[in-house]
Amino acid sequence: MTSDVKKKTERYSPEAIEAKWQRRWAASGLHQTPDVSDKPNFYFLTMFPYPSGEVHVGHWYAYAPADTAARFMRMRGHNVLFPMGFDAFGLPAENAAIRRKMHPAVWTEKNMAHMREQFNTMGVAIDWRREVVTCYPEYYRWNQWMFLKFLEDGLAYRAMAPVNWCPKDQTVLANEQVIAGRCERCETPVIKRDLEQWFLRITKYADELLRFDDIDWPERVRIMQTNWIGRSEGAEIAFAVDGHAGETIRFFTTRPDTIYGATFMVLAPEHPLVAKVTASTRRSEVEAYVARARLMEEIERTSTERAKTGVDTGAFALNAFTGDKVPIWVADYVLATYGTGAIMAVPAHDERDFDFAKRYKLPIREVISPDGREHAALDAAYLGEGVMVRSGRFSGMRSEEGKRAVAEEAERRGIGGPSVTYRLRDWLISRQRYWGTPIPIVYCDSCGIVPVPESDLPVVLPRDAPFTAEGGNPLARVESFVRTTCPRCGQPARRETDTMDTFVDSAWYMYRYVDPKIETSFMNKEVGRRWLPVSQYTGGIEHAILHLLYMRFVCKALRDLGELWFDEPALRLQNQGIIVFGGKKMSKSRGNVETPDVYVGQYGADTLRLFMMFMGPWTEGSDWDAAGIEGSHRFLSRLWTLGVDEPSPGPRDREIDRAIHRTIRKVTDDLEGYRFNTAIAAMMELTNALQHARGQSRDDGIDALVLLVSPFAPYIAEELWERRGGKDSVHRQAWPSFDAALAAADEVTLVIQVDGRLRDRVTARVGLSEPAAKEIALSSEKARKAIDGQEIERVVVVPDRLVNIVTRRRS
RNA sequence: GGGCGAGUGGCGGAAUCGGAAGACGCGUUAGCUUUAGGAGCUAAUGCUCGAAAGAGCGUGAGGGUUCGAGUCCCUCCUCGCCCACCA
């Protein structure tokens, strides 16, 4: 190698070189990705952050490894798009406005400015020209546009429904945002309220969302989404209400085969028939029960620990199969939002119904028998399959068969038939908050609900609004916004003041990155065709259901509107685990963030990047503990010392060459599988080996290391590349290739076991024949001592690995 | 309660296929270097016995399959995540 190599005495000082390269890279536009190049395009997307104010260690954990993977793809010959933006609408901005008297827009801008700088410090290769910020009207007008398109197509609708309400945040929440009965953001227990709200019809795509055939996503995410969608097959059947002509109770069941055991019915407290059918003598008690249920927090209400409660309506339904009059009860263990909000209760074959029947002394009737015989009484519900008994003409039929037979019989009689139900609910997108996308709707006294014409978009969020701690939507109090004229009749009208769930924003941002400035469409489709769908997506596992499900839904909906030409937004997905600090996921809102600044100041960004990837497997997550960061820094210091060393002319060294090629192979394989920790370990090993090497092989090894380390630690690699006389940028170099022949060993350690216990090891040449290996093993002094005169039963030889001498003694 | 995943040195973690358990790193110990502190370098470091050579034990517990099990099978325990009265 030529050039001005410095004396070994110069120490690694990251501060100087990191600042230097930040300037130079920005000046040279190194991170700008062209839409067309001589290389194949690869869209590497990573979930964009909420601008909470600071890039903390949790962000580094998400973005540094993603950047490393993107840089790796670049070096492997792809034209990689690696964009970044901000998911900039949301509640924390509004809360900050109340607390600090700072407008959400100002707070958000300030945070984004700070975070852009911090991303720059991290050395992430972002093409900032393509930045997307969701709180700008240029962006959110397309939320509004999509909403209008969805509305036209029946994919958006307004409905009165029991919804989740967070009393603290004073807003409704989507099902996906209720975690264990609590608000996802503030952890306040959620209650149910009946409100008229806007929904997106995600359930239309339930079946398609269950298919993952064309995408390479982690099994874990696929299972979580599948469970969340919760497809159940069964039957929907209606029983007539006794004494109310024409009135029926529809219910869904996965066990139509148990219908002869339906000895009562249960309605959810919110069920519309409750008021209608309740007998006058029972009215006050039923009303009191319903009122109590509505006020109850969801955690308590849906707790499986709590004893089941209910009240008798005094009304009866007619079991269409047995002909019996069965009592109708109201109980909160039946959910208004699942199925039809009503069930046929079969205590003999359902645990919940069994408990309820025991408590309220309702009849229990066995209709499925494991052994085909009828039993007098049951100690517990029998949930398994069996033979139908006491089931009229179906008696004697296997329950598996009975499911279909009963559903078909119901269909013949015009009272129901086979049916499928999902756990998935339509996506409730209305939020009673200010800092979000206004829903483009006008309410007119004469025309009703009127969509804002597309030509009037965007409906701009007004800047001045009263931010107070009293709650209520500040937007509803902005008279100049609320008062408008009806687009249809021109009469005075009121605007919708609810804003959209911010998950709407993030459900399509990947389309905007390709050309964030385009004003004629949500996406520049001409450019989009070069990039989409996303080649590789990365992000936290915590979005397995929320964002990742919405994003798939919006993609399919836009496809059906003729706006997209693919079925899935991201072909491959890789999740990183969660970084836990003080027992919780690290996040600003949880107040447990660890700032990277102190580590960057002490060790440099390269060291912190490397350490985040070395801590453990990225996909598993980690407990944050900075102990050990020294090791990553020492590694880079050693690499530095090697890198700035004088070249050492001399002969090649076969062992070192082998180590170099093995390392290239290992790091390549590991990066393909996102195994950053073991890739780094391999580079450390090579570094250690090179310390003692001399000659050409040493220099080649150092050159290889500079390339290998460059996606992990971009600054030091670039500096060493320059100092060692490299042309252009290290980040524009091709990934080193390995020679399998050079990587191969010509000697191996042959392990000699006696009865499975290690007794000796000998060095042998690769490819030794079995008899030769056997002979070597049997001539081993240590092995002979262990055999100790026992008769040899057999000898197992695993070529190039081990020989196991099995004696008679072991039995 | 259901689903998924995991339990390996003092610590973080390695270990394609069933074939050398503990790579790599932290920490610790000793030595070199330094006025000192720090940093750096060299070596040792699973546990027990032993001066050593060596021997025994060892991947949550127990059983099994196998010449051979961290890895496969069964039972159980613990932890994490997701779902959780979903009919």
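The sequence lines fix the lettering, A, B, ..., with proteins before strands; numbering per chain opens at 1.
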So, are E747(A) and R658(A) salt-bridged, with charged N and O less than 4.0 Å apart? no

Under 4.0 Å from OP1 or OP2 of C26(B): is there any side-chain N or O of R634(A) that close? yes

Give H692(A) one of three labels, base, sugar-phosphate or nothing, depending on what nucleic acid heavy atoms sit under 4.0 Å from its own. sugar-phosphate

From CZ of R662(A) over to P of U16(B), roughly how many Å is that when rounded to an integer? 14 Å

Regarding S399(A) and E385(A), do their side chains bring together a donor and an acceptor under 3.5 Å, going by distance alone? yes

Rounded C1' spacing from G9(B) to U28(B) in Å: 13 Å

Distance between P atoms of G22(B) and A15(B) (Å, rounded): 13 Å

Think R423(A) forms a cation-pi with W228(A), using NZ or CZ under 6.0 Å from the six-ring centre and within 45 degrees of its axis? yes

Can you tell me how far P in U8(B) sits from the matching atom in C79(B), rounded to whole Å? 14 Å

Quick check on C67(B): is either OP1 or OP2 less than 4.0 Å from any side-chain nitrogen or oxygen of R794(A)? yes

In whole Å, I'd like the distance from the NZ atom of K308(A) to the C1' atom of G1(B). 11 Å

What interatomic distance, in whole Å, is found between P of C17(B) and the corresponding atom of C72(B)? 10 Å

Using a 3.5 Å distance criterion without hydrogens, assess whether the side chain of R675(A) forms a donor-acceptor pair with backbone atoms of D669(A). yes

Test side-chain contact (heavy atoms from CB on, under 4.5 Å) on L549(A) and I229(A); report intermediate values, then the result. CA-CA 10 Å; L549(A) 195 61; I229(A) 294 167; 4.3 Å; yes

Taking the basic N atoms (NZ, or NE/NH1/NH2) and the acidic carboxylate oxygens, is any pair closer than 4.0 Å for K584(A) and E187(A)? no

Whole-Å C1' distance, A43(B) and C49(B): 24 Å

Per the glycosidic torsion and the 90° limit around 0, nucleotide G13(B) is anti

Mind calculating the distance between CZ (F676(A)) and C1' (G25(B)) to the nearest angstrom? 18 Å

How is E351(A) classified with respect to the nucleic acid when contacts are heavy atoms under 4.0 Å: base, sugar-phosphate, or nothing? nothing

Electrostatic pair R222(A)-E219(A), nearest N-O below 4.0 angstrom: no

More 5' along RNA chain B: S232(A) or I223(A), using each one's nearest nucleotide? I223(A)

Any base atoms under 4.0 Å from R801(A), or only sugar-phosphate, or nothing? Heavy atoms, all strands. sugar-phosphate

What's D669(A) touching, base or sugar-phosphate or nothing? Going by heavy atoms closer than 4.0 Å. nothing

Note on RNA chain B: ranges paired as stems (three or more Watson-Crick/G-U pairs in a row, both atom distances under 3.5 Å) are B:1-7 with B:77-83, B:10-12 with B:24-26, B:27-32 with B:40-45, B:46-49 with B:54-57, B:60-64 with B:72-76

In whole angstrom, what separates K774(A)'s NZ from C67(B)'s P? 16 Å

Should S637(A) be listed as having a side-chain N or O under 4.0 Å from OP1 or OP2 of A39(B)? no

Between R222(A) and C4(B), is there a contact of a side-chain N or O with OP1 or OP2 at under 4.0 Å? no

Please work out whether the ring planes of Y360(A) and F356(A) are parallel, tilted or perpendicular, with thresholds of 30° and 60°. tilted

Generate the contact string for nucleotides 8-15 of chain B. Rules: B means base contact, S means sugar-phosphate contact only, - means no protein heavy atom under 4.0 Å. ----BSS-

Inter-nucleotide P distance (A21(B), G56(B)), Å rounded: 13 Å

Could you work out the separation of A69(B) and G63(B) based on their C1' atoms and round it to a whole Å? 14 Å

Touch class at under 4.0 angstrom, heavy-atom based, for V346(A) against every strand present: nothing

Measure CG/D670(A) against C1'/U16(B) and give the value in whole Å, please. 11 Å

What nucleic acid atoms does R220(A) come within less than 4.0 Å of, heavy atoms only: base, sugar-phosphate, or nothing? sugar-phosphate

Expressed in angstrom and rounded to an integer, what is the separation of L335(A) atom CG from A84(B) atom P? 10 Å

Main-chain N/O of V420(A) paired with R231(A) side-chain donor or acceptor, under 3.5 Å: no

For U75(B) versus C81(B), give the span between their P atoms, rounded off to a whole number of Å. 25 Å

Quick check, are the ring centers of W427(A) and F503(A) under 6.0 angstrom apart? no

Value for CZ (R761(A)) from CD1 (I752(A)), rounded to nearest 0.5 Å, stands at 10.5 Å

Does OP1 or OP2 of G58(B) have a side-chain N or O of R757(A) closer than 4.0 Å? no

Could you give the CZ-to-P distance, from F635(A) to A23(B), as a whole number of Å? 18 Å

The glycosidic conformation of C17(B), counting syn as within 90° of 0 and anti otherwise, is syn

Identify whether any heavy atom of R301(A) sits under 4.0 Å from a base atom; if not, whether one sits that close to sugar-phosphate; answer base, sugar-phosphate or nothing. base

Measuring from the side chain of N688(A) (C-beta onward, heavy atoms only), which nucleotide among A39(B), C85(B), G25(B) has the closest atom? G25(B)

Between Q691(A) and I343(A), which is nearer to the 5' end of RNA chain B once each is assigned its nearest nucleotide? Q691(A)

Expected output: side-chain S780(A) to main-chain A783(A) donor-acceptor under 3.5 Å: yes

May I ask you to say what R759(A) touches in the nucleic acid, namely base, sugar-phosphate or nothing, with a heavy-atom cut-off under 4.0 Å? sugar-phosphate

Let me know the distance between CG of L758(A) and C1' of G56(B), rounded to the nearest Å. 14 Å

Ranking A87(B), G5(B), G68(B) by distance to the side chain of Y338(A), first place goes to A87(B)

May I ask you to say whether D350(A) pairs ionically with R255(A), meaning some side-chain N is under 4.0 Å from a carboxylate O? no

